[in-house]
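Whatever order the structure lists ligands and atoms in, that order sets their numbers, starting from 1. Numbers for residues simply follow the sequence, beginning at 1. The structure displayed is predicted, hence computed values, not measured ones.
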Amino acid sequence: MKNDILRHLRYGLGKDAAHSSTYDWRMALSRALRDRMVDHWIPSTQAAYKSKSKRVYYLSMEFLIGRLVEDMASNLGLVDEARAALSDLGQDYDLIVKDEPDAALGNGGLGRLAACFMDSLATLGIPAMGYGIRYEHGLFEQDFVEGQQVERPETWLQQDHIWEFERPEVEYRITFGGHVEHHHDKAHWHPGETVLATAYDTPVIGWKGRWGNTLRLWAAQPVKVFDLASFNRGDYLSASRSEALARTICRVLYPDDTTETGKELRLKQEYFFTSASIQDLIRRFMSDGGDIRNLPDAAAIQLNDTHPAIAGPELIRLLVDDHGLKMDEAMALARRCLGYTNHTLLPEALERWPEWLFGRVLPRHLEIVREIEDDHQRRFPGSPRILEHGNVCMGELAFIMAHKVNGVSALHTELVKQTVFADLHKLHPQRIVNETNGITQRRWLKTCNPALSTLITGQIGDGWITDLDELAKLKPLSGDAQFKDAFMAAKRSNKERLSNWVKAEMGIDIDPAAMFDVQIKRIHEYKRQHMNILETIALWNEMKARPDAGWTPRVKIFGGKAAPGYYVAKEIIHLINDVAATINNDPVTKDLLKVVYPPNYNVTMAEMLIPAADLSEQISTAGKEASGTGNMKFALNGALTIGTLDGANVEIREHVGAENFFLFGLTADEVMERRTHPGYARAAIDASPRMQRIFGQIVEGRFSPQDPSRYHGLVGTFYDSDYFLVTCDFDSYYDTQRRADEAFKNERNWAAMALTNTASMGFFSSDRTIKGYAKDIWHVGPRPDVAEAAE
Ligand code: F58
C-alpha cells in the first residue's frame, strides 16, 4: 500500500512526497484503493457477462453518495492498512479522508436510498447497474446570512473525481423535438435537436470486495463542438447552440423537492438519462446475441419514482420503431421489465407535464402514451387516465407500464392503495407491493460510528456487517450494567467529538452531558421543524421561569436545506436561527438549553451528527412521510425516537417496542378526520395557553426585535389554515418531550432503551430491502458463490 501510494504520487500526480499537499495524498491514496477495487470489479463484470445472469438496472435521477474514500477502504477491508501506510509516510489518514468533497448528487432521502441500494446490491452479489446523471453541480451549498438561507453553487467536479472512469466509446444519441411522419404503418421521428450521452463509470464494491457493480452516470456532449460555417459567418451564438444545450442538460441537479421549475429542461434531463440507459441495456443484451423478445429474462428495470417514467414509452419506441415489434407485444414486453417505486403522496410532488410541452419535446413518445392510454382504456373501460386535463400524468403512466409498483413502508403502501392509486389498485390488485426502506449498516454504523461498532464486534463478532439481524444478540445485554456503561461511553465519545466540532465551527459551547436532540432532513412544512422550534421556545419559557426545577439540559440540533423557491420553509429556517440567537445568549438558561443549526447539512454532516444523537425527531404529520430513512439511522446508532405514527416510524416502534419509543400525535386516519372540522387550528390554540404565549412572543418580535413583524405571516398561517396540524399535535408533543426529559435522568434505564433500539434494528438493513425487491419484483437471486461466501 505504501509503495502504491508513493508510486501514484509520483507517476499519477507528478509530485514527490516532500512537496505533496493533503489533496495530493488523498488522490494517491484513492488511486491505490481504486486499483484494488478494479481487481474485484472486472472479474465481477466478466462473471455477470459470462453467466448471462439477469441484471438489475436501477434508474434514478439522484444518487446521494457522499464521500467515498472511507467507504471504499472499509468495504475492501483496507482501513487499517491505509492508515498504517500513511502514518509511515508521516500523514494522517483521518485528515486525508476529510479532504474529500461530499458528492451531493441528490436532494434527500430518495437519492440516499439509491446509494444504500447500490451498496447492498454489490454486497449481495446481485449483478446490477445504477444509472443516473453526472451533474456538474450537485445540490446547492447552504449558507446563513443574518439567519437566512443563501444558496451557492456546489462544485464537486472542480477537483478530479478520482473514482470514475470516462467511457468516451459508450455514446448514444438523444434526440428532442421535431416531428413524426408515418409511412406504411411505420413511424419516423425527425428530431429537431440531438445531444450525445457519454458514460462515466464508478465501481461499487460490496463488502470484502466479493462483488462489484457499476454506477454509470451520463454526461451530455454536443454532437459537434460548434458549427464552423456559422462561426465563420460571425454568427457566434448559433455556432455554439448545440454545445449550449448539451452543457445545460447536465449542469444542475434540481434543488426543488416540491414543485417543478424549469419544466422543459427537467423533462429533457429525465428523458436524456432514461433514453441513454435504455439504449445501453438493450445494446448490452443484443451484443450477447439475444432475441429481443427475451429481454425481460435479462433485465429488471426499476424506476426510482416517476422521474425515469418515460422509460416505458422509450422502451416501446425502441422495440417498435427499431426492432420491428408490434405495439401490443412491445407494451407487454416493456411491462415485464419495469417496476416503479413511489416515494410520495404529496400531490405537488406527483409529476405532471402539460401535454403541449411533452409533445413538443417528445412528439413520438406522446403518440405512444396515447396508444398506452387507449390500450388500457380498451381493457379497463373508465379506468384512470394518463392524459387528463391537458396533462401527462407520470404516476399513472408509471403504474400502468410497471408489473409491480411499490411503496416504501407498510403504512405508505396502504395509503398508496387507498389514495393516489386507489382506482388503479382495484383494477390491478396484485400490482402494489410493499418494500420497506432500509439503510446500509456498513456506512451508517460500521464507518460512521467506529466507537459503537468496535464495541459491538467485540461482543458478538462482526457477522452483523452482512447480517444485521445478528444485532439481536445484544438484546440480553440491556440488563448488563458493564456493557451499558460501555455503550454509553461510546455515545459520550461521539458527543464529545460533535461538541468540539460545534465549538470550532460555530463558536457555541455545548455540554456533552446534555441530551442531544436532533432533527436533520429537508426543511418542509410536513416535516414540522416549526413544531420543534415552537416547543423549544415553550421549554425556554419554562426554564427561565424556574431555572432550578431540575431540568434535563438539552441541545437542540437542526440541519437541513430548504428548496430555494419554498418561501415558508425559508421562513422556518430564519425563525430557528433567530430563536437560536436569542436563547444561546440568555445567561439564565445558558447551562440548560442551546440551539445549534450548522449550515449546509449533507451526508458527511449526518455521519457525525447521527452517532452523537440521544433523541431523534421524527415528527411529521401522520400520513405525509412516505418512510423516512434518517429515523432508521438514528435508532441503529442508539438514539431514541420521538415521533408520530408515520412512515417507517410505525415499523421501527414495532421492532424496538412501544416502551422504547416516544410516541405522540394524531394518526393518519385522525389527521384526515380532523381536517374535516372547520377551525380546528383555532380551537387547538384557544385550548392551549402555552401556544398562545409562544405565538404572542413571536408576534411581538421577541426573537426579531429589529423587525417585529417578521413572522406575522408565518404565525397567521397557524391560525388560518395549519394544514399540517402543528397546533393539534403541539401539546401532546410538548408533554412527550417532558417524558423524554424524565427518562433521560435515569441513565442506566436510558442506556437499556437505547441499546434495545440498536439491538432491534436488524430488519432495517437495506440488504433486507434489496432481498425483498429481488424476490417480489425483479426475480433475481444473488450469485450462489457470493451468497455462500457471505454465509
Ligand atoms: C423521500 N422522497 C421521502 N423525494 O420523502 C421519504 O419519506 C423516503 O424515506 C425517501 O424518499 C426514500 O424512499 C424524496 O426524497 C425527493 O427528494 C424528490 C426529489 C425530486 C423532486 C420531488 C421530490
Salt bridge or not between Lys404 and Asp776? Use side-chain N to carboxylate O under 4.0 Å.
no
Partner of Lys561 under side-chain contact (heavy atoms from CB on, under 4.5 Å), chosen from Leu139, Ile523, Ile573
Leu139
Looking only at distances, please establish whether an N/O atom of ligand 1 is found under 3.5 Å from an N/O atom of Val408.
no
Of Asn213, Ile301, Ile126, the residue whose pairing with Val56 passes side-chain contact (heavy atoms from CB on, under 4.5 Å):
Ile126
Examine the proximity of ligand 1 to Leu110 and report which part, side chain or backbone, both or neither, has a heavy atom under 4.0 Å away.
both
Taking non-hydrogen atoms only, is Asn437 closer than 4.0 angstrom to ligand 1 via side chain, backbone, both or neither?
side chain
Atom 20 (C) of ligand 1: which of Glu351, His524, Arg266 has the nearest heavy atom?
Arg266
Is the contact between Glu62 and ligand 1 made by the side chain, the backbone, both, or neither, using heavy atoms and a 4.0 Å cut-off?
side chain
Polar contact flag for Glu625 and ligand 1 (N/O pairs, less than 3.5 Å)
yes
Quick one, Arg360 and Glu264 - any side-chain contact, counting heavy atoms below 4.5 Å?
yes
Could you list the atoms of ligand 1 found under 4.0 angstrom from a heavy atom of Tyr526?
5 (O)
Considering the heavy atoms of Asn107, write down every atom of ligand 1 situated less than 4.0 Å from one of them.
17 (O), 19 (C)
Using a distance-only test with no angle check, is there a side-chain donor-acceptor pair under 3.5 angstrom linking Ser627 and Ser409?
no
Could you tell me whether His307 approaches ligand 1 through its side chain, its backbone, both or neither, with non-hydrogen atoms closer than 4.0 Å?
side chain
How about Tyr131 and Phe273: are their ring centres within less than 6.0 Å of each other?
no
Partner of His365 under ring-ring contact (aromatic ring centres under 6.0 Å, His included), picked from Tyr271, Trp353, Phe358, is Tyr271
Please determine if Ala626 has a nitrogen or oxygen closer than 3.5 Å to a nitrogen or oxygen of ligand 1.
yes
Does Gly647 reach ligand 1, in the sense of a heavy atom lying below 4.0 Å from it?
no
Between Asp646 and Lys624, is there a salt bridge with N-O shorter than 4.0 Å?
no
Is it true that Glu435 lies under 4.0 Å from ligand 1, counting heavy atoms only?
no
